[in-house]
Engineer: 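I am attaching a structure below and will ask some questions about it afterwards.
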Amino acid sequence: MKKERKQRLAFERVKHNLSQLERQASVSRVRSLWHSESSIRNQLRQLNNLPLADFPDGQKVYDQYAMLLDDVSRRVLEQYNRKTGTDYSFDAVIAGNRAEYLQSGILSVLRSNHIPKMVREEFRRLLPRYPQDEYPEARRQTRMFYLHLGDTNTGKTYQALLRLRQSRSGIYLAPLRILALENYERLNAEGVPCSLLTGEEEVRVPGAQHLCCTVEKANLSRKYDVAVIDEVQLLADSQRGDAWTRAILGLPCPEIHLCGALLAKEHLITMIHDCGDEYEFKAYTRLVPLQMEYAPVRLSSVGLGDALVAFSKGSVLSLSRYLSQLGIRSSVIYGDLPPEVRRGQYDAFIRGKNPVLVATDAIGMGVNLPIRRLIFTELEKFDGESRRPLTSQEIKQIAGRAGRIGIYEVGYVACLDERISLVEEKLNAEDEPIEQAVVGPSEAILQIGLLPLREKLALWSAEPEALPYYRKKDMSMELFLLDLLEPYHLPEQIQWRLMRVPFSPGNPVLLSQFSDYAHACFASDAQQLDKPVPEGHACQQLETYYQQVNLYYSFSKALDLPIDEQWVLDTRERVSARIRSALEKLRWPGSPDALRRKKR
């Protein structure tokens with residue numbers, strides 16, 4: 001009885017409040033309607049928790065509240081439409097969403113259900129269902145693909161570039177700026193005028209019909225007779241793979257050469273068939289055999305042509321310092337090194353000035369070097385999320401750098417510890433084939449209104465791909481940058497350009513510089529950007545400063561702001577020289593025994 005009496009009293013209170021809320025709603029100004037709507041929904045929630053059938057007028061009171069909520073919500077939506085210049089219909093918004101509307105309100109349903117539904121419909125209308133259909137110009141022709149796939153250090157790219165040199169016009173798409181730069185210089189030296197385009201520089205050579213560029217800079221509206229796309233297996237990379245997918249599907253070139261690892265073969269053939277194109281396949285195998293050295297390597301025994309591979313900048317510099325203490329000079333290679341410095345380190349190793357090379361796995365992609373023996377100092381790496389064992393493909397990519405025709409007719413592979421059998425096992429293992437290529441958002445998404453760009457991209461990311469052998473790009477970094485730009489209420493075209501500026505937001509100095517540039521341009525109306533100033537002269541500070549100079553260039557380029565290009569060139573050259581000097585002076589504490597224990 002007590003429970004029933006309690007429920008009766010609760011019902012009477014809600015019933016009594018009805019007339020008061022009706023009066024408030026009838027006289028409320030627009031800004032007060034939000035409060036009225038919330039109060040009405042609160043009363044409805046209380047009614048939902050009561051046994052309305054036990055009260056003679058229970059359903060009647062509930063229906064009156066529902067009608068009052070509809071009336072107030074219509075007025076709230078009308079005010080929203082006036083404010084935003086939209087024309088949303090109340091009945092369309094709540095259709096199929098009545099329960100959530102009663103629970104959360106009209107604007108919550110509008111934003112979380114109705115608008116996303118409309119955006120998805122726009123996705124279906126404006127964005128092609130299948131990735132290959134995004135590129136109608138390429139679909140209007142039958143392209144011929146030549147697949148140069150196989151082991152590392154087997155001449156795949158060399159053979160493709162021979163054909164590029166013979167063509168009247170051609171484009172080479174590189175995974176790294178240093179490779180674009182290397183082939184740009186090589187083509188010009190061989191009498192083939194060639195321009196250069198990367199995220200950090202643009203060099204236009206008069207009369208050039210050839211271009212070397214990083215894969216992200218490929219212009220799909222330009223036709224070339226021949227295209228070469230390097231390291232095509234990277235189409236499966238979560239952060240950058242969409243650039244390779246876009247180039248393979250969209251380049252309007254009659255002849256395209258794809259160079260990379262064999263594990264990409266079946267996926268590439270599927271993509272080519274989907275495009276209605278044709279292909280020829282050539283497998284590349286090593287002419288220089290690999291031979292295991294089963295005894296652990298002592299650091300004191302390394303010599304001419306040896307390359308030690310570690311998986312962090314700190315480990316590389318530590319190893320180099322240890323070797324220096326043993327009287328052994330070494331070149332060092334890691335991801336943060338500017339291309340100019342990296343080339344100097346390569347040259348010193350090639351000439352024998354530095355008989356040993358110490359590098360991260362950056363050595364696995366790009367320049368072919370005269371390496372006699374490849375020594376793994378560890379078999380795990382941190383991949384940005386966790387520390388994990390090297391895959392068979394990673395071990396093959398790195399170990400494959402050992403040996404060089406005409407210099408070292410056998411390539412040796414070794415370890416600092418006793419785990420060479422694990423390396424041998426993975427070298428002999430069959431690689432898992434690539435199952436999915438990565439696709440990025442189409443610029444056509446800018447034609448869709450209804451939501452801010454950030455929300456559209458987040459919604460796009462959550463939509464499944466129609467074909468199971470594609471997956472969406474990881475957009476977390478782009479969404480992070482759009483959050484940072486949100487206070488400036490920028491046109492979406494500007495947001496699109498800025499979220500694609502090449503830099504590492506994980507570096508706090510660079511992220512702060514990006515933020516400062518955004519504030520200068522969009523809060524202070526700056527007409528050009530301030531040039532960065534180095535924070536110090538230590539090696540790491542100089543490397544960061546080099547990247548700051550690149551960001552100055554790239555951000556200016558994205559907004560068509562004036563750039564002091566001569567300053568950029570001079571500063572890069574000056575900073576690179578200082579980094580080279582700083583590398584020579586670096587001193588790292590420790591001992592070979594301590595290093596050996598660490599690697600185990």
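Everything quoted here is computed from the prediction, not taken from an experiment.
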Engineer: If the condition is side chain to side chain donor-acceptor pair (under 3.5 Å), which residues does Asp151 pass it with, not counting sequence neighbours?
Structural biologist: none

Engineer: Might you confirm whether atom CD of Glu409 has over 12 heavy atoms from other residues, nucleotides or ligands at distances under 6.0 Å?
Structural biologist: yes

Engineer: Using the salt bridge (charged side-chain N to carboxylate O under 4.0 Å, His left out) rule, pick out the option among Arg163, Arg165, Arg168 that qualifies with Asp225.
Structural biologist: Arg168

Engineer: Identify the two heavy atoms, one from Arg143 and one from Leu251, that lie closest to each other, and give their separation to 0.1 Å.
Structural biologist: NH1-O, 2.8 Å

Engineer: Heavy-atom distance under 4.5 Å between the side chains of Lys265 and Pro433, does that happen here?
Structural biologist: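 The answer is no, as the side chains (C-beta and beyond) never meet within the 4.5 Å cut-off.
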
Engineer: What closest approach, in Å, do Pro505 and Phe503 show between heavy atoms, and which atom pair accounts for it?
Structural biologist: CD-O, 3.1 Å

Engineer: What verdict does the side chain to side chain donor-acceptor pair (under 3.5 Å) test give for Thr142 and Asp277, after you've listed the backbone C-alpha separation in whole Å, the side-chain angles of each residue and the deciding distance to 0.1 Å?
Structural biologist: CA-CA 5 Å; Thr142 300; Asp277 296 325; 5.2 Å; no

Engineer: Do Leu498 and Leu481 touch side chain to side chain, with heavy atoms closer than 4.5 Å?
Structural biologist: no

Engineer: Using a strict cut-off of less than 4.0 Å between a Lys/Arg side-chain nitrogen and an Asp/Glu carboxylate oxygen, indicate whether Glu394 and Arg388 qualify as a salt bridge.
Structural biologist: yes

Engineer: Report yes if the side chains of Leu529 and Phe555 come closer than 4.5 Å at any heavy-atom pair, otherwise no.
Structural biologist: yes

Engineer: One thing to verify: whether Arg204 and Glu202 come together as a salt bridge, which I'm taking to mean a side-chain N less than 4.0 angstrom from a carboxylate O.
Structural biologist: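 Arg204 and Glu202: salt-bridged.
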
Engineer: Could you check Ser515 against Leu484 for side-chain contact (heavy atoms from CB on, under 4.5 Å), going step by step and ending with a plain yes or no?
Structural biologist: CA-CA 7 Å; Ser515 300; Leu484 190 147; 3.2 Å; yes

Engineer: Is a donor from one side chain sitting under 3.5 angstrom from an acceptor on the other, for Thr198 and Glu201?
Structural biologist: yes

Engineer: So does Arg129 get a backbone contact from the side chain of Asp133, meaning a donor-acceptor N/O pair under 3.5 Å?
Structural biologist: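 Looks like no, no N/O pair under 3.5 Å.
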
Engineer: Closer than 3.5 angstrom, by distance alone: can the side chain of Arg240 be matched with the main-chain N or O of Pro175 as a donor-acceptor pair?
Structural biologist: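 Yes; judged by distance alone, with no hydrogens or angles, the pair exists.
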
Engineer: Go through the structure and list residues passing side chain to side chain donor-acceptor pair (under 3.5 Å) with Ser576, not counting sequence neighbours.
Structural biologist: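 Ser576 satisfies side chain to side chain donor-acceptor pair (under 3.5 Å) with no other residue.
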
Engineer: Could you tell me the separation between the CD atom of Gln141 and the SG atom of Cys275, rounded to the nearest 0.5 Å?
Structural biologist: 10.5 Å

Engineer: Less than 4.0 Å between a side-chain N and a carboxylate O, is that true for Arg387 and Glu378?
Structural biologist: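 Result for this pair is yes, salt bridge flagged.
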
Engineer: Establish, from distance only, whether the side-chain atoms of Asn219 and Tyr224 form a donor-acceptor pair under 3.5 Å.
Structural biologist: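 On atom types as modelled, these side chains do not qualify, holding no pair under 3.5 Å.
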
Engineer: I want to check something: taking the side chain as every heavy atom from C-beta on, are Ile494 and Tyr488 in contact at a cut-off of under 4.5 Å?
Structural biologist: no

Engineer: Taking NZ, NE, NH1 and NH2 as the nitrogens, is one of them in Arg140 or Glu137 under 4.0 Å from a carboxylate oxygen of the other?
Structural biologist: yes

Engineer: A side-chain contact here means heavy atoms from C-beta on lying under 4.5 Å apart; do Leu369 and Ile350 qualify?
Structural biologist: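 Yes. Closest side-chain heavy atoms under 4.5 Å.
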
Engineer: Show, in sequence, the C-alpha distance, side-chain angles and deciding distance for Tyr546 and Glu340, and conclude whether the side-chain contact (heavy atoms from CB on, under 4.5 Å) test is met.
Structural biologist: CA-CA 11 Å; Tyr546 188 97; Glu340 296 88 344; 2.6 Å; yes

Engineer: When you measure from the side chain of Arg177 to the backbone N and O of Thr214, does any donor-acceptor pair fall under 3.5 Å?
Structural biologist: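 No: the side chain of Arg177 does not pair with the backbone of Thr214.
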
Engineer: Does Thr270 use its side chain to pair, donor to acceptor, with the backbone of Glu266 at less than 3.5 Å?
Structural biologist: yes

Engineer: If you look at every heavy atom in Leu161 and Asn183, which pair is closest and at what distance?
Structural biologist: CD1-OD1, 3.1 Å

Engineer: So does Arg246 pair up with Glu216, basic N to acidic O under 4.0 Å?
Structural biologist: no

Engineer: Would you check if there is a donor-acceptor pair between the side chains of Gln547 and Glu543 at a distance under 3.5 Å?
Structural biologist: no

Engineer: Distance alone, cut at 3.5 Å: any donor-acceptor contact between the side chains of Asp87 and Asn81?
Structural biologist: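 There is no such pair between these side chains.
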
Engineer: Mind checking whether Leu249 and Tyr130 have side chains closer than 4.5 Å, heavy atoms only?
Structural biologist: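 The answer is no; the side chains never approach within 4.5 Å.
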
Engineer: Less than 6.0 angstrom separating the ring centers of Tyr279 and Tyr146, yes or no?
Structural biologist: no

Engineer: Can you tell me if Gln436 uses its side chain to pair, donor with acceptor, with the backbone of Pro468 under 3.5 Å?
Structural biologist: yes

Engineer: Quick one: ring-ring contact (aromatic ring centres under 6.0 Å, His included) pairs with a partner in residues 148-176, sequence neighbours left out?
Structural biologist: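 For residues 148-176: His148-His257, His148-Tyr284.
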
Engineer: Distance from Gln495 atom CD to Arg500 atom CZ, nearest 0.5 Å?
Structural biologist: 13.5 Å

Engineer: Given Leu357 and Ile333, is the side-chain contact (heavy atoms from CB on, under 4.5 Å) satisfied, shown in steps?
Structural biologist: CA-CA 8 Å; Leu357 176 67; Ile333 300 296; 3.7 Å; yes

Engineer: Given Gln548 and Tyr553, is the side chain to side chain donor-acceptor pair (under 3.5 Å) satisfied, shown in steps?
Structural biologist: CA-CA 9 Å; Gln548 287 183 275; Tyr553 176 90; over 6 Å; no

Engineer: Can you see whether Ser476 engages Asp474 through a side-chain donor-acceptor pair at a distance of less than 3.5 angstrom?
Structural biologist: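 There is such a pair between these side chains.
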
Engineer: One pair to check against side-chain contact (heavy atoms from CB on, under 4.5 Å): Glu380 and Leu390. What are the steps and the verdict?
Structural biologist: CA-CA 5 Å; Glu380 297 83 27; Leu390 298 177; over 6 Å; no

Engineer: Is it true that a side-chain atom of Asn153 and a backbone atom of Arg286 form a donor plus acceptor pair closer than 3.5 Å?
Structural biologist: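 Checked: no pair found.
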
Engineer: Check whether more than 12 heavy atoms from other residues, nucleotides or ligands sit under 6.0 Å from atom CD of Glu430, and answer yes or no.
Structural biologist: no

Engineer: For residues Met271 and Ala437, report the shortest heavy-atom separation together with the two atoms involved.
Structural biologist: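 What the structure gives for the nearest pair is SD-CB, 4.4 Å.
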
Engineer: Under 4.0 Å between a Lys/Arg side-chain N and an Asp/Glu carboxylate O for Asp347 and Arg342?
Structural biologist: no

Engineer: Under the ring-ring contact (aromatic ring centres under 6.0 Å, His included) rule, collect the residues that match up with Tyr552, sequence neighbours excluded.
Structural biologist: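 Testing Tyr552 for ring-ring contact (aromatic ring centres under 6.0 Å, His included), a comparison that skips the adjacent residues, returns Trp567.
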
Engineer: So, the side chain of Lys396 versus the backbone of Ala261: is there a donor-acceptor pair under 3.5 Å, distance only?
Structural biologist: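 No; zero donor-acceptor contacts below 3.5 Å.
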
Engineer: Judged by atom type as modelled, is there a donor-acceptor pair below 3.5 Å linking the side chain of Arg139 to the main-chain atoms of Gln132?
Structural biologist: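 Checked: pair present.
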
Engineer: Regarding Arg471 and Ser238, is there a side-chain donor-to-acceptor distance under 3.5 Å anywhere?
Structural biologist: yes

Engineer: Are any non-hydrogen side-chain atoms of Phe376 and Leu422 less than 4.5 angstrom apart?
Structural biologist: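 No; the side chains remain at least 4.5 Å from each other.
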
Engineer: If you look at every heavy atom in Leu263 and Gln233, which pair is closest and at what distance?
Structural biologist: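 That closest heavy-atom pairing would be CD2-CB, 4.0 Å.
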
Engineer: Work out which heavy atom in Trp244 is nearest to a heavy atom in Asp230; give both atom names and the distance.
Structural biologist: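 Trp244 and Asp230 have their closest heavy atoms at NE1-O, 2.8 Å.
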
Engineer: Please determine if Glu182 and Arg186 form a salt bridge, counting it only when a charged side-chain N lies under 4.0 Å from a carboxylate O.
Structural biologist: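 Looking at Arg186 together with Glu182, the answer is yes, because their closest N to O distance falls below 4.0 Å.
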
Engineer: Identify every side-chain donor-acceptor pair in residues 456-467 under 3.5 Å, counting partners at least two apart or on other chains, and give the distances.
Structural biologist:
residue, atom, partner, partner atom, Å
Lys456, NZ, Ile445, O, 3.0
Lys456, NZ, Ile448, O, 2.3
Lys456, NZ, Glu492, OE1, 2.7
Lys456, NZ, Glu492, OE2, 3.2
Ser461, OG, Leu457, O, 2.9
Glu463, OE2, Arg120, NE, 2.9
Glu465, OE2, Lys472, NZ, 2.8

Engineer: Checking Gln166 now: which residues fulfil side chain to side chain donor-acceptor pair (under 3.5 Å) with it, not counting sequence neighbours?
Structural biologist: none

Engineer: Under 3.5 Å, side chain of Ser167 to main-chain N/O of Val226, donor-acceptor pair present?
Structural biologist: no

